[in-house]
> 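Provided herewith is a single structure, encoded as structure tokens, for subsequent inquiry.
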Protein chains: 2
Amino acid sequence: MLEKLEFLLALAREKHFGRAAEVCGVTQPTLSAGVKQIEDAFGVLLVNRGSRFRGFTAEGERVLEWARRIVGDARAMREEVLALKHGLAGRLRLAVVPTALPMVETLTTPLRARHPNVQFTVLTRTSAEVRHLLDNLEVDAGLTYLNNESPGRVTAVPLYRESYRLLVAADGPLGHREQVTWSDVAQVPLCLLTPDMQNRRIIDQYLRETGVEPTITLESDSMLVLYSHVRTGRWASVMPSRVAAMLGLTDVLRAIPIIGADTSHTIGLVAPAREPMIPLTAALVAEARRVAVLLAD
Amino acid sequence: MLEKLEFLLALAREKHFGRAAEVCGVTQPTLSAGVKQIEDAFGVLLVNRGSRFRGFTAEGERVLEWARRIVGDARAMREEVLALKHGLAGRLRLAVVPTALPMVETLTTPLRARHPNVQFTVLTRTSAEVRHLLDNLEVDAGLTYLNNESPGRVTAVPLYRESYRLLVAADGPLGHREQVTWSDVAQVPLCLLTPDMQNRRIIDQYLRETGVEPTITLESDSMLVLYSHVRTGRWASVMPSRVAAMLGLTDVLRAIPIIGADTSHTIGLVAPAREPMIPLTAALVAEARRVAVLLAD
DNA sequence: CCATGTTAATCGGAAATATCTATCGATCAA
DNA sequence: TTGATCGATAGATATTTCCGATTAACATGG
């Protein structure tokens with residue numbers, strides 16, 4: 001029955017019987033039969049079918065939510081027993097918002113020092129994608145914005161608050177200033193993340209509030225692309241100060257504090273709420289709490 | 001795999017492969033094989049075996065805790081889907097401490113008014129047994145003392161605080177008093193619940209604090225037996241005031257307030273913490289919250 | 001309106017799994 | 001030592017699962 005619930009989860013992810021089956025390592029008839037079995041067991045249709053997958057019924061959505069929990073718990077059980085047997089080991093999957101990438105190291109380094117057999121997979125995603133991956137148990141934890149939380153379903157550990165800096169060549173426009181306002185920033189052509197990124201949307205909002213329509217000369221989903229452009233001294237960008245600090249500043253580059261409305265955009269670690277947690281995730285959360293204290297100064 | 005986990009739960013309850021198998025409706029070899037399968041799947045021994053069942057290993061205890069949760073969630077899922085299909089219906093199993101028996105009606109009556117298809121099973125148990133039945137998912141909720149809680153694992157709704165009265169014949173010893181102290185009570189021969197009941201232990205403690213060794217002439221696990229004896233006017237007892245109120249007083253019988261140390265012994269509804277709850281249990285908890293407000297006056 | 005491709009359900013048989021009965025081996029108590 | 005109890009094991013049987021092939025139901029494009 002547990003495997004059948006996994007079929008359901010795969011179907012929810014893939015929205016396609018054939019692909020879901022492939023993900024589960026079975027053939028499409030097997031997955032179809034599995035779904036039908038759950039439906040028969042409950043005596044309720046869970047999936048709206050036509051000639052193709054047409055989403056879940058109301059009952060299906062409820063079952064899906066339970067399935068997520070049950071399957072997640074089953075995995076957590078497995079992880080915990082293995083941890084008891086072999087000590088902390090395994091792969092920790094992290095989904096991280098681009099602006100939080102510099103933080104990853106502050107978690108992984110001490111965690112690996114404590115538990116040398118832990119391995120990591122770090123994916124860069126938008127905050128929406130991070131949330132989605134967490135919901136579907138495709139990652140163990142996320143580093144993302146803690147606003148618009150759905151509390152109760154996740155454990156969140158605040159790590160730090162983003163503050164923004166204008167990254168610009170010292171001899172370029174605004175390059176000589178000790179500090180700038182968002183109005184100033186809106187005047188110069190910028191390289192920013194793509195609009196599906198929350199960081200971009202936050203910056204957009206600050207800029208929009210100045211009333212000036214900013215010019216975004218270059219967009220990318222990679223901080224590295226932005227940085228490499230700014231590095232030439234011929235482009236400007238807005239970055240969280242921690243990112244700027246990590247990338248390091250050449251003598252031609254300055255990271256100028258931006259003053260003004262400081263709406264709090266907290267970044268933190270988010271993990272599925274589960275009691276008890278998967279040991280690996282628990283270790284990560286514990287590490288995050290330690291790091292949070294260090295960052296609080 | 002889910003069924004195998006149920007095997008494990010049954011084994012934990014019965015501490016005996018044969019009986020556990022019978023409970024599960026399978027033969028003993030089947031249950032043995034099921035347990036072994038889980039062990040093989042994890043590569044860890046879960047059960048200490050000699051020629052007989054010798055308890056669980058450390059890993060086994062952990063798996064057991066997860067199994068409780070997972071199996072409970074699976075049942076909750078089933079209940080919820082059926083509730084979506086047929087409306088609220090089914091049987092609500094309650095385990096109730098004897099002194100809380102009069103409260104049962106205040107929950108069941110309005111609940112049944114709202115949901116006519118709900119049926120009830122009410123069991124009288126000691127508070128320890130109530131806790132155990134809850135842990136093993138053999139009941140949906142309990143009415144019991146809220147002290148020494150293990151929070152997080154259960155949802156508790158406080159309903160009222162017990163206060164005690166001396167139930168005695170008006171023409172018997174102390175029968176004329178407007179109020180009595182525990183020292184007074186310790187002087188008269190009493191009918192009380194058996195010592196495995198928390199109510200008895202509470203009363204014992206009050207009596208012991210007076211320094212006088214009380215005489216317990218009759219013990220029973222049934223409030224009704226106590227009442228029927230006191231009713232003759234020739235026996236005395238100590239009962240929570242709500243019980244006395246429900247049983248009704250004849251003209252020869254008085255329920256005299258006992259003054260003195262009023263350690264708070266709160267009685268409330270306890271249900272397994274699960275998010276979301278089984279719909280039937282959720283309805284009961286909701287009802288309990290309403291009733292709690294009414295009782296708070 | 002038909003051809004074509006996509007998608008999920010259905011069917012039949014092979015393979016895997018589960019369960020039962022019967023029995024065995026170990027342990028414990030008398 | 002004997003008898004009783006308990007759990008593991010073996011072998012036979014039944015059930016379930018799963019795959020491959022096929023079919024049915026729709027889309028889409030011509």
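Protein chains get the first letters and strands the later ones, always in sequence-line order, with residue 1 at the start of each.
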> Minimum heavy-atom separation for A/Cys24 to A/Leu31, with atom names?
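In this case the closest contact between A/Cys24 and A/Leu31 is SG-CD1, 4.2 Å.
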> My understanding is that only residues two or more places apart in sequence, or in another chain, count here; which of them pass side chain to side chain donor-acceptor pair (under 3.5 Å) with A/Arg49?
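Counting only residues at least two positions away or on another chain, A/Arg49 forms a side chain to side chain donor-acceptor pair (under 3.5 Å) with A/Glu39.
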> Out of A/His115, A/Arg112, A/Arg114, which one pairs with A/Glu287 under the side chain to side chain donor-acceptor pair (under 3.5 Å) rule?
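Per the side chain to side chain donor-acceptor pair (under 3.5 Å) rule, the option paired with A/Glu287 is A/Arg114, out of A/His115, A/Arg112, A/Arg114.
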> Select from A/Arg54 and A/Val26 the residue whose nearest nucleotide in DNA chain D is closer to the 5' end of that strand.
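Comparing both residues, the 5'-ward one is A/Val26.
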> Between which nucleotides of DNA chain D, 5' to 3', does chain B make heavy-atom contacts below 4.0 Å?
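The contact span of chain B on DNA chain D goes from D/dC6 to D/dT9.
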> Any residue in residues 57-66 of chain A with a heavy atom nearer than 4.0 angstrom to DNA chain D? Just list them by number, or reply none.
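Per residue number, the list is empty: none.
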> For residues A/Val47 and A/Val35, determine if any side-chain heavy atom of one lies less than 4.5 Å from a side-chain heavy atom of the other.
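In short, these two side chains touch, coming nearer than 4.5 Å.
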> Using a 3.5 Å distance criterion without hydrogens, assess whether the side chain of A/Arg125 forms a donor-acceptor pair with backbone atoms of A/Val96.
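No.
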> Between B/Ser32 and A/Phe7, who's closer to the 5' end of DNA chain D by nearest nucleotide?
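This one resolves to B/Ser32.
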> Kindly write out the residues that satisfy salt bridge (Lys or Arg N to Asp or Glu O under 4.0 Å) with B/Arg54, not counting sequence neighbours, or none if the list is empty.
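Partners of B/Arg54 by the salt bridge (Lys or Arg N to Asp or Glu O under 4.0 Å) criterion come out as none, since no residue qualifies.
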> If you take all heavy atoms of A/Thr155 and A/Ala273, which pair is closest and at what distance?
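Scanning both residues completely, I find the closest heavy atoms to be OG1-CA, 3.7 Å.
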> So which one's nearest nucleotide on DNA chain C is more toward 5', A/Arg49 or B/Thr30?
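Counting from the 5' end, the first nearest nucleotide belongs to A/Arg49.
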> Above 12 or not: heavy atoms from other molecules or residues under 6.0 Å from CD of A/Glu138?
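Correct, the count exceeds 12.
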> In Å, rounded to the nearest 0.5 Å, how long is the span from CG of B/Leu193 to CG of B/Asn199?
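Taking CG in B/Leu193 and CG in B/Asn199, the distance rounds to 5.0 Å.
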> Please tell me if the side chains of B/Leu143 and B/Val97 come closer than 4.5 Å, counting only heavy atoms from C-beta onward.
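Not in contact.
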> Reading DNA chain C in the 5' to 3' direction, which nucleotide is the first one with an atom under 4.0 Å from a heavy atom of chain A, and which is the last?
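From 5' to 3', the first and last contacting nucleotides are C/dT7 to C/dT10.
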> Name the residue closer to the 5' end of DNA chain C, choosing between B/Arg52 and A/Lys36 according to the nucleotide with the nearest heavy atom.
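That would be A/Lys36.
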> Which residues satisfy the side chain to side chain donor-acceptor pair (under 3.5 Å) test with A/Thr281, sequence neighbours excluded?
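Here no residue qualifies.
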> Taking five pairs at each end, how big is the angle between the two axes of the helix from C/dC1-D/dG30 to C/dA30-D/dT1, to 10°?
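If I round to tens, the end axes sit 30° apart.
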> What pairs of residues pass the ring-ring contact (aromatic ring centres under 6.0 Å, His included) test when at least one of them lies in residues 3-40 of chain A, not counting sequence neighbours?
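Of all non-adjacent pairs touching residues 3-40 of chain A, none passes ring-ring contact (aromatic ring centres under 6.0 Å, His included).
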> With distance as the sole test, does A/Ser127 use its side chain to make a donor-acceptor pair with the main-chain N or O of A/Thr144 at under 3.5 Å?
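Between the backbone of A/Thr144 and the side chain of A/Ser127 there is no qualifying donor-acceptor contact (under 3.5 Å).
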> Scan the side chains in residues 218-226 of chain B for donor-acceptor partners under 3.5 Å anywhere in the protein, sequence neighbours excluded, and list what turns up.
from     : atom 1 : to       : atom 2 : distance (Å)
B/Glu219 : OE2    : B/Arg200 : NH1    : 2.9
B/Glu219 : OE2    : B/Arg200 : NH2    : 3.1
B/Ser220 : OG     : B/Ser222 : N      : 2.9
B/Ser222 : OG     : B/Leu224 : N      : 3.1
B/Ser222 : OG     : B/Val225 : N      : 3.2

> Just wondering, do B/Phe56 and B/Val63 contact through their side chains at under 4.5 Å, heavy atoms?
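A side-chain contact under 4.5 Å is absent here.
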> Please, which pairs that meet side-chain hydrogen bond (donor to acceptor under 3.5 Å, both in side chains) have at least one residue in residues 77-89 of chain A, sequence neighbours excluded?
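Sorted pair list: A/Glu80-B/Arg62, A/Glu80-B/Trp66.
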> Strictly below 4.0 Å, heavy-atom distances to any atom of DNA chain C: list the hits from residues 8-22 of chain B, or just say none.
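Close to the strand, none.
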> In residues 37-44 of chain A, which ones come under 4.0 Å of DNA chain C, going by heavy atoms?
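Heavy-atom cutoff 4.0 Å gives no residues at all.
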> Can you give me the closest heavy-atom contact between A/Leu134 and A/Pro272, atom names plus distance?
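Residues A/Leu134 and A/Pro272, closest heavy atoms: CD2-CD, 3.8 Å.
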> Would you confirm whether A/Arg201, through its side chain, and A/Asp196, through its main-chain N or O, come within 3.5 Å as a donor-acceptor pair?
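Yes, the answer is positive, given that a donor and an acceptor are paired below the 3.5 Å cut-off.
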